[in-house]
Amino acid sequence: MPTAGHMNTEGSSSCGGGGGEGGVTTTNTDGAESLISWVWAQIKAEAHRDAEEEPALASFLYATVLSHPSLARSLAFHLANQLCSPTLLYDLFLHSFSSAPSLLSDTVADLLAARQRDPVCHSFSHCLLYFKGFLALQAHRAAHLLWAQGRRPLALVLQSRVADVFGVDIHPAARVGRGVLLDHATGIVVGETSIIGDNVSILHHVTLGGTGKATGDHHPKIGDGVLVGAGATILGNVRVGEGAKVGAGAVVLVDVPPKTTAVGNPARLVGGTGSPAGHEDLPGLNLDHNLWSDYVI
């Protein structure tokens with residue numbers, strides 16, 4: 001199975017979403033289209049299989065997947081129906097994913113991320129249809145495009161509707177990279193000037209917020225390959241470096257160096273500030289939560 005890393009982008013930034021105007025990355029077109037076609041073929045085959053195994057779902061799967069000629073149309077139809085505005089939002093989503101091809105390649109990178117990292121994700125179609133973190137993220141990608149185009153009232157309406165339906169509140173100005181997994185996703189809040197890098201994994205009830213009434217650039221910056229555990233809170237214009245881990249329930253108020261682990265409230269580095277314990281892998285890719293065995297309470 002291909003990985004999200006096979007979808008080469010040009011000009012992507014270490015904090016994600018910064019490769020093109022308004023945070024829309026440019027993509028190697030031929031390779032991206034080939035991978036999009038491959039994933040869409042997998043989704044259709046999986047939907048056929050599920051329809052045969054569970055006839056009660058056949059009409060739903062036909063309406064949502066099998067009747068559509070492309071991933072963009074299937075995703076636009078499903079998102080619009082999930083958000084209870086099938087007429088207005090279908091056209092909006094379809095135009096977004098059709099007019100900005102990099103959005104669809106980012107969608108496929110997110111599908112690959114869920115399929116490869118989440119042990120309960122057994123097929124691409126299940127992620128597309130039933131994983132609300134994935135769906136909320138794709139709706140945000142469309143809202144972010146609207147924000148970049150100056151259509152801010154509509155972007156805010158979409159943000160509000162996604163928060164109501166999926167319980168995920170991402171400001172449309174926030175920049176999110178590709179290959180991102182929002183696992184479970186309930187209660188995730190991402191502030192306006194937040195930046196989330198590529199290949200990041202974030203669990204439920206995570207807040208990337210401000211510290212009060214500060215204005216300007218006042219939200220966290222999450223580097224590539226970071227893992228943020230359930231219930232973690234990261235506040236202010238702080239940087240979580242590439243490949244770092246933030247433990248479940250941690251409250252981060254200062255920068256976290258790359259390839260280190262921060263745990264606790266207030267968060268401290270495992271191994272101490274002077275010589276923090278490091279690791280070589282990217283925990284955002286392997287979802288390894290186990291590196292605080294030497295943390296002493």
Determine, using the 4.5 Å side-chain heavy-atom cutoff (strictly less than), whether [X] and [Y] are members of one ILVMFWY cluster.
{"X": "L112", "Y": "I202", "result": "yes"}
{"X": "L154", "Y": "L145", "result": "yes"}
{"X": "V162", "Y": "V189", "result": "no"}
{"X": "L111", "Y": "L285", "result": "no"}
{"X": "V165", "Y": "L156", "result": "no"}

Sub-4.5 Å side-chain heavy-atom contact between [X] and [Y]:
{"X": "S123", "Y": "R49", "answer": "yes"}
{"X": "L235", "Y": "V252", "answer": "no"}
{"X": "V108", "Y": "L71", "answer": "yes"}
{"X": "F93", "Y": "Q138", "answer": "no"}
{"X": "I43", "Y": "V65", "answer": "yes"}
{"X": "V228", "Y": "L203", "answer": "no"}
{"X": "D50", "Y": "H126", "answer": "yes"}
{"X": "I222", "Y": "I234", "answer": "yes"}

Quick check for you: to the nearest 0.5 Å, what is the distance between [X] atom [atom1] and [Y] atom [atom2]?
{"X": "H78", "Y": "L129", "atom1": "NE2", "atom2": "CG", "answer": "5.0 Å"}
{"X": "R115", "Y": "S125", "atom1": "CZ", "atom2": "OG", "answer": "9.5 Å"}
{"X": "F131", "Y": "F124", "atom1": "CZ", "atom2": "CZ", "answer": "12.0 Å"}
{"X": "Y130", "Y": "L135", "atom1": "OH", "atom2": "CG", "answer": "11.0 Å"}
{"X": "K132", "Y": "L137", "atom1": "NZ", "atom2": "CG", "answer": "14.0 Å"}
{"X": "E53", "Y": "H48", "atom1": "CD", "atom2": "NE2", "answer": "13.5 Å"}

Under the 3.5 angstrom rule, does the side chain of [X] hit a backbone N or O of [Y] as a donor-acceptor pair?
{"X": "H144", "Y": "P172", "value": "yes"}
{"X": "T260", "Y": "P257", "value": "yes"}
{"X": "H171", "Y": "A173", "value": "yes"}
{"X": "K245", "Y": "G229", "value": "no"}

Residues F134, L182; criterion side-chain contact (heavy atoms from CB on, under 4.5 Å); working and verdict
CA-CA 7 Å; F134 168 80; L182 304 183; over 6 Å; no
So, [X] versus [Y]: side-chain donor-acceptor pair below 3.5 Å or not?
{"X": "S194", "Y": "H219", "answer": "no"}
{"X": "S74", "Y": "K44", "answer": "no"}
{"X": "D224", "Y": "N199", "answer": "no"}
{"X": "S105", "Y": "R178", "answer": "yes"}

Shortest non-hydrogen contact from [X] toward [Y]:
{"X": "A174", "Y": "V190", "answer": "CB-CG1, 3.9 Å"}
{"X": "L103", "Y": "S96", "answer": "CD2-O, 4.1 Å"}
{"X": "P283", "Y": "G243", "answer": "CD-O, 3.1 Å"}
{"X": "V256", "Y": "A244", "answer": "CG1-CB, 3.9 Å"}
{"X": "D288", "Y": "L227", "answer": "O-CD2, 3.6 Å"}
{"X": "A136", "Y": "V168", "answer": "CB-CB, 3.8 Å"}

In sequence, state the C-alpha distance, the side-chain angles, and the governing distance for V180 and D198, and then conclude on side-chain contact (heavy atoms from CB on, under 4.5 Å).
CA-CA 6 Å; V180 172; D198 298 336; over 6 Å; no
I would like to know whether D110 and R141 meet salt bridge (charged side-chain N to carboxylate O under 4.0 Å, His left out); could you show each step before the answer?
CA-CA 11 Å; D110 297 339; R141 295 194 185 283; 2.9 Å; yes
Side-chain cluster (under 4.5 Å, hydrophobic types only) that F77 belongs to, other residues
Y90, L94
Verdict with reasoning, V263 to V246, per side-chain contact (heavy atoms from CB on, under 4.5 Å)
CA-CA 6 Å; V263 295; V246 177; over 6 Å; no
Which is it for T211 and H218 under the side-chain contact (heavy atoms from CB on, under 4.5 Å) test, yes or no, and what are the steps along the way?
CA-CA 8 Å; T211 56; H218 61 290; over 6 Å; no
CA sep, side-chain torsions, deciding dist, call: S201, R117, side chain to side chain donor-acceptor pair (under 3.5 Å)
CA-CA 9 Å; S201 294; R117 297 177 216 165; 2.9 Å; yes
